[in-house]
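In each ligand, atom 1 is the first atom listed, and ligand 1 is the first ligand listed. Worth saying up front: this structure is predicted, and the values here are computed from it rather than measured. One is the number of the first residue; the rest follow in order along the sequence. Just the heavy atoms: all of them, side chains too, but no hydrogens, waters or symmetry mates, feed the values below.
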Amino acid sequence: MSIDAAPVVAGIRVVALEETGSTNADAMARALAGEALPFWLIADRQTAGKGRSGRSWISEPGNFQASLAVKVHCAAGQAAQLSLVAGVAVIGAIKTLAPQHGCDNLYLKWPNDLLVNNAKCGGILIETASDRTDGGMIAVIGIGLNLVSHPEIQGRRVAHLGGDVPSATQCTYLMAIAAAMLSALEIWNDGAGFAQIVARWLAAATPVGTEVAIHTGAARIEGTFAGLADDGALLLRDKSGRIQRFTFGDVELQAQAGTRAE
Ligand code: BTN
């Protein structure tokens, strides 16, 4: 991986590996073992990539899989906000690298999916642990992007960004994402600036009014996307017109019912 040429990005140290199980698991283990924060850990391949809700994340060589380990100073309940912080950063970085991804085909989908042409091309996984040395919190922000290829997943619409950004390498993406992440984390300011993050996230998301269904595990509720609550929860206008609030679940775009963009 050409990342060796840039051992520091946006002022943050980079650990670059050919292969690891999961960049999130590896970064968290290093942070808990006392490795100085912050740092990025990027790998060309993952053998046990982790997705949301216990799913696995298939990382084919040449795609982007990296995790940022940082110290945060927010209430435990606010750490999930980092998912939206990272979404804002990643979509901003991709739009910088690929100007042809205008506003019409690249979107964020709650809580942390990146869609191109309504198919999932990236995901974000936040993991936290308390730092026993000072009572603060370690956050690992994991980002997976299908750059050059994507796995075929039964019943899911999956895509990669590849052809649109032919000259962009993992290293180019890391530099752009690291800079955007630094700026998004500054705006977030340990939760104090979350309202600004929500506004930016909404501006980059599937439009309000998009027909969606949310799967909560126990139920599937159809309606339209009605934006986000102040705390980042999903708002859905159900068939009866009532606004329902969700803090977890998988959102399916109704236009592709039966093939979820994930
Ligand atoms: C999702 O399910 O959408 C989240 C996927 C997150 C995948 C990334 S790849 C880099 C980091 N390391 C992991 O094991 N997972 C995240």
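For the residue pair Ser240 and Asp238, a side-chain donor N or O sits within less than 3.5 Å of a side-chain acceptor on the partner. Counting only N and O atoms by type, the side chains of Gln46 and Thr20 include no donor and acceptor under 3.5 Å apart. Judged by distance alone, the side chains of Thr23 and Gln65 never bring a donor and an acceptor atom under 3.5 Å apart.
Of all atoms in ligand 1, numbered sequentially from 1 with element shown, those under 4.0 Å from a heavy atom of Gly49 are 14 (O). Each of the following atoms of ligand 1 lies closer than 4.0 Å to a heavy atom of Ser22: 12 (N), 13 (C), 14 (O). Taking a cut-off of under 4.0 Å to the non-hydrogen atoms of Gly144, the atoms of ligand 1 that pass are 8 (C), 9 (S). Below 4.0 Å from some heavy atom of Thr23 lie the following atoms of ligand 1, by number and element: 10 (C), 11 (C), 12 (N). Close approach of ligand 1 to Ala66 is summarised as follows: ligand atoms under 4.0 Å from at least one heavy atom of the residue are 10 (C). Close contacts between ligand 1 and Arg52 involve ligand atoms 1 (C), 2 (O), 4 (C) [criterion: under 4.0 Å to a heavy atom].
When the heavy-atom distances from atom 4 (C) of ligand 1 to Ile42, Asn63, Ile124 are ranked, the shortest goes to Ile124. Looking at Met28, Gln46, Gln65 and measuring to atom 12 (N) of ligand 1, the nearest heavy atom belongs to Gln46. Taking each of Lys50, Lys120, Glu127, Arg55 in turn, the one with a heavy atom nearest to atom 1 (C) of ligand 1 proves to be Lys120.
For the side-chain hydrogen bond (donor to acceptor under 3.5 Å, both in side chains) test, no residue two or more places apart in sequence or in another chain qualifies with Trp40.
Looking at ligand 1, you won't find any N or O of Trp57 less than 3.5 Å from one of its N or O atoms. When only interatomic distances are considered, the shortest N/O to N/O separation between Ser59 and ligand 1 does not fall below 3.5 Å.
The existence of a salt bridge linking Glu127 and Lys50 is confirmed by a sub-4.0 Å separation between a basic side-chain nitrogen and an acidic carboxylate oxygen. By the 4.0 Å N-to-carboxylate-O rule, Asp250 lies too far from Lys109 to be salt-bridged with it.
Under a 4.5 Å side-chain heavy-atom criterion applied to ILVMFWY residues, the cluster that includes Leu235 comprises Ile243 as well.
One N or O on the side chain of Thr210 and one on the backbone of Pro207 form a donor-acceptor pair closer than 3.5 Å.
For Ala43, the heavy-atom gap to ligand 1 stays at 4.0 angstrom or more.
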